[in-house]
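This report refers to the structure that appears directly beneath it.
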Number of protein chains: 2
Amino acid sequence: MARIDEVAAAAGVSISTVSYALSGKRPISPDTRRRVIEVARRLGYAPNAGARMLAGRLTHIFALTEPLRRETHAPTHMSFVLAAAVAARRHDYDILLLTDQQASDGMRRVTASGLVDAILVLDVAPDDERVAIARSIATPTVFIGIPDDHEGLDCVDLDFEAAARLAVDRVADAGHTRVALLGQPATTYRLSNFPPRVRRTVAQRADERGLRHTFATSGEVVTDADAVRTAVIDALDSGATALLLHGVDDMHAVVLATLAERVRRIGVDVSIVSIAASFDTTKLPTQIDTIPLIPEASCDLAVDLALARIDDPRRETGIHLVAPEYRDAGSVAPPLQD
Amino acid sequence: MARIDEVAAAAGVSISTVSYALSGKRPISPDTRRRVIEVARRLGYAPNAGARMLAGRLTHIFALTEPLRRETHAPTHMSFVLAAAVAARRHDYDILLLTDQQASDGMRRVTASGLVDAILVLDVAPDDERVAIARSIATPTVFIGIPDDHEGLDCVDLDFEAAARLAVDRVADAGHTRVALLGQPATTYRLSNFPPRVRRTVAQRADERGLRHTFATSGEVVTDADAVRTAVIDALDSGATALLLHGVDDMHAVVLATLAERVRRIGVDVSIVSIAASFDTTKLPTQIDTIPLIPEASCDLAVDLALARIDDPRRETGIHLVAPEYRDAGSVAPPLQD
DNA sequence: TTGTAAGCGTTATCAC
DNA sequence: GTGATAACGCTTACAA
């Protein structure tokens, strides 16, 4: 816990020189600069957080609000938290957790006390209560996910619509005429913002491309192996030759197991594309085409946006979509001729 | 973002009176006290975090370090994070996330900058690198979990040994002479601190009570349904009449499914106790006896310990174990006579 | 290129 | 019971 004056004394310079040498906010002769940095390192100096907050304009802390609903898929959520933390650290920011039952209270609190420079919002619901709070506070707020009412908000997300179209187009181009979408558990279509976006767009695009399409959830609240199994079998029985998956790892595992059991060769008898999977699909027993949801991409962008907004609070808000990327693993092939 | 001087002016008192009226750190006449509080509320006043840190002794922030290894069971981990956050908020503390690859860097950083009053350590490994850091820094540090080398450390945890004994005793008392322990995935026995403790104690106690016992993991890295299924069948075939479970929800589901498939009635043909389950076992298809691992209990205690240590840095360190509690659901019965 | 000094908004130590 | 006021450790004009 060395202080700036100790560093200054040890380096034989003034306090402000130390501050400037370390922050680089004004030119310092390379020589003293080096000396200051060396001394600071030796003494293990780090600016006192409270003093920095008070004197500077910034706290170097982001709040991260996460409702942690029971329906939330924990592993996915954790990779977003981790990605946000890593992105923040790259810019010398720390993450303060806001898990209050009413996240709103926390947002108001950190705003009122000036504890954070910006707020990142995770796990966004279609009718998220945090939208109203975000509008009522001065602290820059970035949503990772898109609520229904997003007028005047900064939002970041994978372009789920583009991803869905990409998936449909791929199987349509390969010649498939019947596709089945196996989706998330039913509750997430009410509680989360992106499952409905995928479902809607797949249906639209399939219609545009003249494909017959069906849809099934993967259970009620969490992945229900029986439900998934039944859905896969129904899809096959109804003549679907291409399966679009939008779900978590468990669901993928059950789908692959069911296909194996039915002796359907992936990329031969049946084509598969996984849309917006946030887990490592290369860990699956069979490799499948994926349009991944990359938490790092969204979180990096969200942090950039937050910083830009801190820098210029009057800049224009808007939705920023991350372009989807198709990863071919050979799981899509032309349908077999009967 | 009203400031204290605005509150003082509006209430017609001095700045220090506002501070004391709000903190209660010195007697204030009930009358002015009420008035100050009312004005503060009306103006939405909250002390500036930076100023409070600088002037006061405290930051009102805990760091929470979590390595977030791939082997970590995300839902369990999240319930600990949540429990820690809730416990902290009860004492007007916030949680700062430390997810650095090397958590050690983060611990040093927040210590050097005086960003936090104490550090809570989650997901403790037997040979945790954070032990050395904790010893080298002045910031109070509380481990939630017990590393092998815990000399001079503050640790909090469920009394896994007592829980294991409780489980063995229960089935022994019911008359069982052959028990099988179905444990965690193999890797956690190296990477985590508590699975070996349960395994070791079950074996010891079973020996003491004259029971024959076997042990099987539930997979390599994560729950492997086939491995669990095989382990259950092997256990039954080898004559085990009581199953002790120490694992996550997936594993429990597979065990119950396998027993159902083999037409073994729980609490009749076979007895079951789940040791240190951190999920909601009442959500399982069949109710089973449980000695739950309650994150709230550990985290509340950890926060209390941290606060006590902040208050008196010289107080004695030590291990604090949470007593296990047996929850009877009728899944243990005397073994059937052949 | 560097040094001096005025805040930043609290808490805590004095007085009264 | 209440009011001045000196820290707290830094950032950042303003001087030199």
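Lettering follows sequence order; numbering is per chain, from 1. Just so you know, these numbers come straight off a predicted model, no measurement behind them.
- The separation between B/L58 atom CG and D/dC8 atom C1' is 13 Å, rounded to whole Å.
- Rounded to a whole Å, the NZ atom of B/K25 is 7 Å from the P atom of C/dT11.
- Here CG of B/D117 is found 7.0 Å from CZ of B/F62. Values are rounded to the nearest 0.5 Å.
- Between the CD1 atom of B/I28 and the P atom of D/dG1 there is a distance of 8 Å, rounded to whole Å.
- Atom-to-atom, CE of B/M53 to P of C/dG9 comes out at 15 Å; the value is rounded to the nearest Å.
- Of the candidates D/dT11, C/dG9, C/dG3, the closest approach to any side-chain atom of B/A51 belongs to C/dG9.
- Separating the CZ atom of B/R57 from the C1' atom of D/dA7 is a distance of 16 Å, rounded to the nearest angstrom.
- Of the listed nucleotides (C/dT10, D/dG9, D/dT11), D/dT11 has the atom at the smallest distance from the side chain of A/R52.
- Listed nucleotides D/dG1, D/dC10, C/dT10 differ in distance to B/P27; the shortest reach to its side chain belongs to D/dG1.
- Separating the CG atom of B/D31 from the C1' atom of D/dT2 is a distance of 14 Å, rounded to the nearest angstrom.
- Panel note: side chain B/H91, backbone B/R89; no donor-acceptor pair is recorded below 3.5 Å.
- Taking the side chain of B/T17 as heavy atoms from C-beta on, and the options D/dC10, C/dT10, D/dT2, the nearest nucleotide is D/dT2.
- Between B/S19 and C/dT10 there is no side-chain polar atom (N or O) within less than 4.0 angstrom of OP1 or OP2.
- Looking at heavy-atom distances under 4.0 Å, A/T32 makes contact with sugar-phosphate atoms alone, never a base.
- If you measure from atom CD1 of A/I4 to atom P of C/dG3, you get 12 Å, rounded to the nearest angstrom.
- Place A/A2 and A/R26 on DNA chain D by their nearest nucleotides, and A/A2 ends up nearer the 5' end.
- Residue B/S16 has its side chain nearest to C/dA12 when only D/dC10, C/dA12, C/dT2 are considered.
- Checked by distance alone, B/Y20 brings no side-chain donor or acceptor within 3.5 Å of a matching partner on the base of D/dA4.
- None of B/T65, B/I137, B/I119 except one satisfies the side-chain contact (heavy atoms from CB on, under 4.5 Å) rule with B/V110; the exception is B/I119.
- Closest approach to the B/S14 side chain among D/dG9, C/dT10, D/dG3 is made by D/dG3 (side chain taken as heavy atoms from C-beta onward).
- Side chains of B/S16 and B/S19: a donor-acceptor N/O pair is absent below 3.5 angstrom, by distance only.
- Residue A/R3 places its side chain closer to D/dC10 than to any other of D/dC10, D/dT2, C/dG3.
- Considering only the side chain of A/I15, D/dT11 comes nearest among C/dT10, C/dT11, D/dT11.
- Side chains of A/D123 and A/T72: a donor-acceptor N/O pair is present below 3.5 angstrom, by distance only.
- Across the protein-nucleic acid pair, B/L115 atom CG and D/dG9 atom C1' stand 14 Å apart, rounded to whole Å.
- For A/S29 and C/dT2, the shortest distance from a side-chain N or O to OP1 or OP2 is below 4.0 Å.
- A 4.5 Å side-chain heavy-atom check between A/L96 and A/L115 finds at least one atom pair inside the cut-off.
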